Amino acid sequence: MNNPNDYDPPLSGVRILDLSTGPMTAVGRLLADLGAQVTVVRLAGVNDNSGAPGDDMLDTAINRRGLPRVDADARQWPDLIAGADILVESTRPGSESEARLDVRRIRVEHPGLVVLSISDFGRDNEFREWQATTPVLHALSSELTRSGIPGQVPLVPPARQLPYHVAAAQAAVLVLSLHLDKLRTGAGDLIDFSVLDGAMQTLDPPYGSAGTASAGVAVSKQERNWVAEQLRYPILKCADGYIRICLLAKRQWHGMFEWLGRPAEFADPKYDKLRERFMSPTLMPAIATFFRDKTRAELESAAQRYRVPAAAVFTLPEALCTDQIRQRGFLREVELEPGLTVPVPVGVAEIDGHRASTLTDSVAPQHRPESAPILAGRPRRNEGLPLEGLRVLDLGVIVVGSDTGRLFGDLGADVVKIENTAFPDGLRGNLTSVSQTYAAGQRNKRSIGIDLRSDEGRALAHRLAAEADLVLTNFKPGVAATLGMDHDTLKAVNPGIVVVDSSAFGPTGPWATRMGYGPLVRAAAGFTDLWVYPEDPEKPAKRKAFCDTVTVYPDHVSARIGVLAALALLLRRERTGAGGSVSIAQSEVMLSHLAAEIAEQSAGATSAFEQDAPWGVFESAGDDQWVAVTVRGDADWRALCATIGRADLAADPKLGTRAGRVAERARVEDAVRAWTAERSPTEAMTTLQRAGVPAGAALRAAELLDWDYYVARRAFREELHPLWTTPFVMENVIIHSERIADPPLRQAPLLGEQTREIAADLLGLDDEQIDDLLRSGVLESIQPAEIDGVGV
């Protein structure tokens, strides 16, 4: 790690007023950890109540730790807002608080201000007054219909504020992208941010890029197929618990075959094919038998030797006690209030080798940028996008890599993807076609084929880096350095370069070089063990039903954290001229979403936080139809009783308090279940929401496309790729604001499809030089016209 005294917090000098309440206070925490001067404001008549119904006070306390607070009234407010760069607020749409704050008037009076206006469903549509909770967001993002065992109630994922935490990362990215643009245009903006949009796009997007286990099949096509889920990343019983392995690639299977002792039964070359391994009725039972008498530690050690990706399935307390967490200093004891000291995550980004966090920084220097010396003169395409003029070299692979670069491209940057046929992006599937999941993650990029293993190839990449702003990687630690594309190498070529690396467990610690697919990261971080149905007291010895296989979490949110930190460094570059490095550990991003649960467990109060009743997912009319119904307090309870026609429950004094309802949870939820069973999910949802009760139909991915909310928010679009005869569906709008346009429509490229164009325009090579480099294999290019039978 670099000398902490040399660390310059990237958002130093950025002044933020935070009026938000509830779980979306996580936005301010992310920005404060990167060095922003975040002031929590309690403004009379706007957010000076105790908070929204159902607020998790522990989660909010963790988000607010160490931030200065100001109580203000209408007389003091003008002076506060006059000195701010960014305003974050979350008044309820349609409320008196929203009217009093009046952010549109604020924008007129302060045209250079960037305003992040957060609400559950956005403020520009007929759903603006609907209300959300964690189960409702999981239901309406389609995540719920892919979680759990078919035939049983869909399983709400762990981390009680998970949809909000991932949405907060998206919101922070949007704020910084607009603030960076403001430095060169002088124009602020008003972002109408919907938590549902952020959760849908950032947790497990149904029309986004999916992992390699999907074999190119979009998440939107996946259902709760329990058998398939167990085969993708199988979890097997062993002597002291469970272990998860990955046998997707042929080389991984070959390692497993050697580990098993080369059994004749599985020597047939047909087992090199993923489908054959999945379809075999004897292979997985044989591996399970082989594992049964070995400990997790023994299996992890042997897996490393045979190069089989594997991870012990840890409980959360076990995960927090690992050498990896301890050596990286991820947790620190913090006094949240007198008498309550608990461990909290320090921060989720390392900047220049320094853990970016208010817990690791003394009083940070608050530098104020006076101008935008680097970006001011960059040419723009005038497409209304905030990152126009930026150039990004994208070496990222699989989901984290694809999403990180794609976000920059969607926001207007020129993203150049560097790859070669010897080591193509694993999401391609093959080199002559484009799957829906690849198209979703690689849109708005150009591709150049360069062999970085050769001296000449690295020299060409360095010439590109000399004129670039960002380099994105997510290899195992050490690989980027081997290719000459790490920050230590590139800063000699370009002192202003910003390099992002994202890995499973971070660049240091005993697990740094582990192979880390998302499901293995979830297992090692204690998340998989939490994603299970409640234990049946009548069957204590029953095998745990782990239900997290289908999701891609935390890849998409880790990509946002990488983009957020990169934007912060670009802002620092505007005042210093120097670049920097970003390192993201995906496991730590995940654990940060469990901060409240970690604090509770440490305090010995694992059941201190229990949701009100009813709170859960209930069966509706129809086949495998479900609706999430939640109550956050007494007002919601009274509205629920009136809506479902149960005046008797409303009149029962035992149910008049949260504690009473929790004690009678079974009776309360039976009443809700009887009502929802007679109605479709949409009818039940709409009726309850109109009464002010948070509810959400458990929508399947295909149902999202036609739901009026997503139609109004322009959430999806169809795109016809030249290699497909039918259109793809993919995400559309990222930012709803006054002046930012929808994402461009540039299609995902084949490997090296733009090699000639990039070599000529950016490297200054003529046709003869390009031809020579193509013949020698230093450059590569695949063109659609060269593929027989175009159309899939």
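This is a predicted model, so every value here is computed, not measured.
- Looking at heavy atoms from C-beta onward, F193 lies out of side-chain contact with S119 at the 4.5 angstrom threshold.
- Under the 3.5 Å distance criterion, with hydrogens and angles disregarded, a donor-acceptor pair is assigned to the side chains of R632 and Q131.
- V668 approaches A613 most closely through the heavy-atom pair CG1-C, 3.9 Å.
- Neither side chain, Y438 nor S433, offers a donor N or O lying under 3.5 Å from an acceptor on the other.
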Where do Y533 and V153 land on the side chain to side chain contact (heavy atoms under 4.5 Å, CB included) test, with the steps shown first?
CA-CA 9 Å; Y533 287 97; V153 59; 4.1 Å; yes
Run the side chain to side chain contact (heavy atoms under 4.5 Å, CB included) check on R123 and E98 step by step: do they pass?
CA-CA 11 Å; R123 300 174 190 267; E98 181 191 47; 2.7 Å; yes
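- Looking at every heavy atom in both residues, P158 comes nearest to L530 through CB-CB, 3.6 Å.
- The main-chain N or O of A199 is never found under 3.5 Å from a side-chain atom of T202 such that the two would form a donor-acceptor pair.
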One pair to check against side chain to side chain contact (heavy atoms under 4.5 Å, CB included): I561 and L30. What are the steps and the verdict?
CA-CA 9 Å; I561 296 297; L30 289 169; 4.0 Å; yes
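- The stretch residues 134-144 participates, sequence neighbours left out, in these side-chain hydrogen bond (donor to acceptor under 3.5 Å, both in side chains) pairs: S142-R146.
- Remark: D124 engages R713 in a salt bridge, criterion side-chain N to carboxylate O under 4.0 Å.
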Report the C-alpha separation of V627 and S620 in whole Å, then their side-chain angles, then the decisive distance to 0.1 Å, and conclude whether the side chain to side chain contact (heavy atoms under 4.5 Å, CB included) test is met.
CA-CA 7 Å; V627 61; S620 294; 3.3 Å; yes
Is there a side chain to side chain donor-acceptor pair (under 3.5 Å) between Y242 and T528? Walk through the geometry before answering.
CA-CA 11 Å; Y242 297 90; T528 296; over 6 Å; no
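- By the 4.5 Å heavy-atom criterion applied to side chains, D742 and R714 are counted as neighbours.
- Evaluated for a salt bridge (charged side-chain N to carboxylate O under 4.0 Å, His left out) with E731, the options R406, R717, R443 yield exactly one hit, R406.
- Side chain of S402 to main chain of I398: a donor-acceptor pair is present (N/O by atom type, distance under 3.5 Å, no hydrogens or angles).
- Between R160 and E600 there is a salt bridge, since at least one side-chain N of the basic residue sits less than 4.0 Å from a carboxylate O of the acidic one.
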Decide ring pair (Phe, Tyr, Trp, His ring centres under 6.0 Å) for F728 and Y207; before the verdict, give the C-alpha distance in whole Å, the side-chain angles of both, and the deciding distance to 0.1 Å.
CA-CA 9 Å; F728 291 129; Y207 294 96; over 10 Å; no
Stepwise, does the salt bridge (Lys or Arg N to Asp or Glu O under 4.0 Å) test hold for D636 with R658?
CA-CA 11 Å; D636 285 358; R658 172 176 173 154; over 6 Å; no
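- Here the CE-CD distance, from M24 to Q161, works out to 11.0 Å after rounding to the nearest 0.5 Å.
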Could you walk me through whether S147 and W531 pass the side chain to side chain donor-acceptor pair (under 3.5 Å) check?
CA-CA 9 Å; S147 177; W531 204 325; 2.9 Å; yes
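- With rounding to the nearest 0.5 angstrom, the OG1 atom of T551 is 5.5 Å from the CG atom of L203.
- For the atom pair CZ (R661) and CG (D612), the distance works out to 4.0 Å, reported to the nearest 0.5 Å.
- At least one donor-acceptor pair under 3.5 Å links the side chain of Q625 to the backbone N or O of D623.
- For the pair P206/L704, a side-chain contact is recorded, criterion being any heavy-atom separation below 4.5 Å from C-beta on.
- In this structure, T686 contributes its side chain and T682 its backbone to a donor-acceptor pair below 3.5 Å.
- Rounding to the nearest 0.5 angstrom, the gap separating the CD atom in E683 from the CE atom in M685 is 11.0 Å.
- We find the CZ-OG1 distance between R428 and T437 to be 12.5 Å, quoted to the nearest 0.5 Å.
- Side-chain contact of T133 with W615: a donor-acceptor pair under 3.5 Å is absent, judged by distance alone.
- Using a cut-off of 4.0 Å between Lys/Arg side-chain N and Asp/Glu carboxylate O, R700 and D624 are scored as salt-bridged.
- Between the side chain of R560 and the backbone N or O of V166, no donor-acceptor pair lies under 3.5 Å.
- Salt bridge R667/D652: present, at least one basic N to carboxylate O contact under 4.0 Å.
- Ionic pairing of R673 and D670 is present here: one or more N-O contacts between side-chain nitrogen and carboxylate oxygen are shorter than 4.0 angstrom.
- Taking the side chain as every heavy atom from C-beta outward, W675 and T643 approach each other to under 4.5 Å.
- Residues P154 and T145 have side chains not in contact (no heavy-atom distance under 4.5 Å, counting atoms from C-beta outward).
- Salt-bridge check for D548 with R244: passed, with a basic side-chain N closer than 4.0 Å to an acidic carboxylate O.
- Annotation: K237, atom NZ; neighbour count of heavy atoms from other residues, nucleotides and ligands within 6.0 Å is above 12.
- A donor-acceptor pair under 3.5 Å is absent between the side-chain atoms of R522 and the main chain of S587, judged by distance alone.
- At least one side-chain heavy atom of L248 sits under 4.5 Å from a side-chain heavy atom of Y233.
- For R92 and D120, the salt-bridge test fails: no basic side-chain N is under 4.0 Å from an acidic carboxylate O.
- Using modelled atom types, no side-chain atom of Q170 and backbone atom of A167 make a donor-acceptor pair closer than 3.5 Å.
- A distance-only check finds no donor-acceptor pair linking the side chain of E129 to the backbone of R690 [under 3.5 Å].
- In this structure, S737 contributes its side chain and I191 its backbone to no donor-acceptor pair below 3.5 Å.
- In this structure the side chain of L247 reaches within 4.5 angstrom of the side chain of I287, judged on heavy atoms.
- Minimum heavy-atom separation, L427 to A210: CD2-O, 3.0 Å.
- Expressed to the nearest 0.5 Å, how far CG of L155 lies from CG of L144 amounts to 8.0 Å.
- Closest heavy-atom contact between V629 and L688: CG2-CD1, 3.8 Å.
- Of all non-hydrogen atoms in G526 and A319, the two that sit nearest each other are N-CB, 3.8 Å.
- The backbone N or O of A748 sits less than 3.5 Å from a side-chain atom of H721, completing a donor-acceptor pair.
- Under the 6.0 Å cut-off for aromatic ring centres, F127 and W707 qualify, their centroids lying closer than that.
- Side chains of E89 and L116 form no contact here, defined as non-hydrogen atoms less than 4.5 Å apart.
- Of all non-hydrogen atoms in P285 and P281, the two that sit nearest each other are CG-O, 3.4 Å.
- H593 and Y164 share no donor-acceptor pair across their side chains, judged by distance under 3.5 Å alone.
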